[in-house]
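Here is the structure we will look at, set down as structure tokens.
No hydrogens, no waters, no symmetry mates; every other heavy atom, side chains included, goes into these values. By convention here, the first residue in the shown sequence is residue 1. Read the numbers this way: they start at 1 and go in the same order the structure lists the ligands and their atoms.
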Amino acid sequence: MMPQRTLSPTAAPISFWDLIGAARGLWGGDKHRARLVEELKEKFSAREVFLVSSGKAALTVILKALAASSGRRRVIVPAYTCFSVPSAIVRAGLDVVLCDVEPDTLDFNFAELEGLINEEVLCVVPTHLFGRPADVDRVKRLCEGTGVVVVEDAAQAMGGQSGGRLLGTLGDVAFFSLGRGKNLTCGTGGVILARSLPVVEAIKVEYATLPEAPRGEVARNWLEMVIMRLFIHPLLYWLPAGLPFLRLGETTFDTDYPLYRMDEVRVHQLRGWERRLALANQERAARAGWLIDGLDLPRRGIKPITGKESIYLRLPVMVRDREMKETVCRQSREVGAGMSPSYPATIQEIPELAGRLVSRKYAGAQEVVDRLVTLPTHQFVTEVDRLKIGRILGSREIGSVSVKAESHKTADSAP
Ligand SMILES: Cc1ncc(COP(=O)(O)O)c(C=O)c1O
């Protein structure tokens, strides 16, 4: 790739000063961790909060804790989600059960979900993909009286709301990811929010078995954050984006990830998290509205997947078909427009899960794989980028497509 302005698909803001200050955590101490736990407990009305090394580590701990006192083994997840989710289920020694998704919402196909809930199911994992709120209340109604636990996957939705309630407060237990492309980041990190006493007690037992992260791993994460902070800028991102061995943006199924408590350096990096998170989410929602309105997407035959209170970690849009998606993503790579295909396959197609899943097709999830493209909404996206994105989405090579225009709710302020 040639040096040129290049956007990353997503970018969580963090200042160099926050990073420099965080290095002090290398010399240990525990008081910041306790303070962060208290802040999160208060903000998310949680009975207890646990800080761990990643979102998948958070899910693994939750699942192991729930399974410790239950003979149930099945975990229901959307057939289109991050590959880390089935990785965590397998790592916890449990069985992945897939439920198809609705391409219009990326949420569960609820008719199918209802048929999957039985006495062998340990939990269901509704997921706020790209910051769009999933209907957790509906999942809870289906699970009522069945003994099935609702684990809210808010990995991509920290700071978002549904019906005025914060995401992460809707399920029986919830988790956030603080990975690099998320709403708030400390490199890698995860937060568990537990509400009921039995769940808190079960997670405490599991959490007590987690070791502290080794010093070398802590230092490596910090260094990666400094490098990321430098190269995430659109003037420099062409460099890492052009190095295939970095495998940026790749989604992998991997069960061999670290399970640690969150260290003090990561905790330090999260100082001022509430302000930073609110600002980043506001900017993203505003840019999503500005992209939808400014690009007139529905008229171009491109359907944004909106949601009343969506915070748009990225803006998901459905293009005409697989061919158009591939063309759009290729052209975006060529000009550094930051558009991304998101997950490359349904969970059913992950080779490592062959033989572990019921053999069938997931038409909704497959449609999402074939047609979904995400547009960047982060703080570095400017008018120049919007024009680039517009040219790609309406370019002659792709041709015009005709579908009925649909109404959509957007934020009205342009950044
Ligand atoms: C929906 C979803 N769940 C879980 C995870 C796992 O989080 P982490 O990458 O912090 O392990 C991710 C990460 O991208 C995610 O997008």
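Contact analysis leaves H128 out of contact with ligand 1, as no non-hydrogen atom separation drops below 4.0 angstrom. Every heavy atom of T188 sits 4.0 Å or more from the atoms of ligand 1. Using a non-hydrogen distance threshold of 4.0 Å, Y343 registers as a contact of ligand 1.
Close approach to K56 involves these atoms of ligand 1, each under 4.0 Å from a residue heavy atom: 6 (C), 7 (O), 8 (P), 9 (O), 11 (O). Contact atoms of ligand 1 toward T127: 1 (C) (distance under 4.0 Å to a heavy atom of the residue). The atoms of ligand 1 that sit less than 4.0 Å from any heavy atom of Q156 are 1 (C), 15 (C), 16 (O). Close approach of ligand 1 to A155 is summarised as follows: ligand atoms under 4.0 Å from at least one heavy atom of the residue are 2 (C), 3 (N), 4 (C), 5 (C), 12 (C), 15 (C).
Under the 6.0 Å distance and 45° angle rule, R132 does not count as a cation-pi partner of Y312.
Looking only at distances, a side-chain donor or acceptor of K140 sits under 3.5 Å from a matching main-chain atom of L170. Between the side chain of R91 and the backbone N or O of T255 there is at least one donor-acceptor pair closer than 3.5 Å.
Of the heavy atoms in S84, only side-chain atoms (C-beta onward) come closer than 4.0 Å to ligand 1. The proximity of V85 to ligand 1, defined as any non-hydrogen pair under 4.0 Å, is limited to the side chain.
K182 NZ, 3.1 Å is the protein heavy atom nearest to atom 13 (C) of ligand 1. Among protein heavy atoms, atom 3 (N) of ligand 1 sits closest to D153 OD2, 2.8 Å. In this structure, the protein non-hydrogen atom closest to atom 12 (C) of ligand 1 is C82 SG, 3.6 Å. The protein heavy-atom contact nearest to atom 8 (P) of ligand 1 is G55 N, 3.4 Å.
Between the side chains of T374 and R314, at least one donor-acceptor pair of N or O atoms lies under 3.5 Å. Between the side chains of R266 and T188, a donor-acceptor pair is found at a separation under 3.5 Å.
Remark: R322 CZ is packed, more than 12 non-hydrogen atoms of other residues, nucleotides or ligands lying under 6.0 Å away.
Using a cut-off of 4.0 Å between Lys/Arg side-chain N and Asp/Glu carboxylate O, K43 and E274 are scored as salt-bridged. With salt bridges taken as basic N to acidic carboxylate O contacts below 4.0 Å, none links R141 and E144.
Between F176 and F44, the gap from one ring centroid to the other is short of 6.0 Å.
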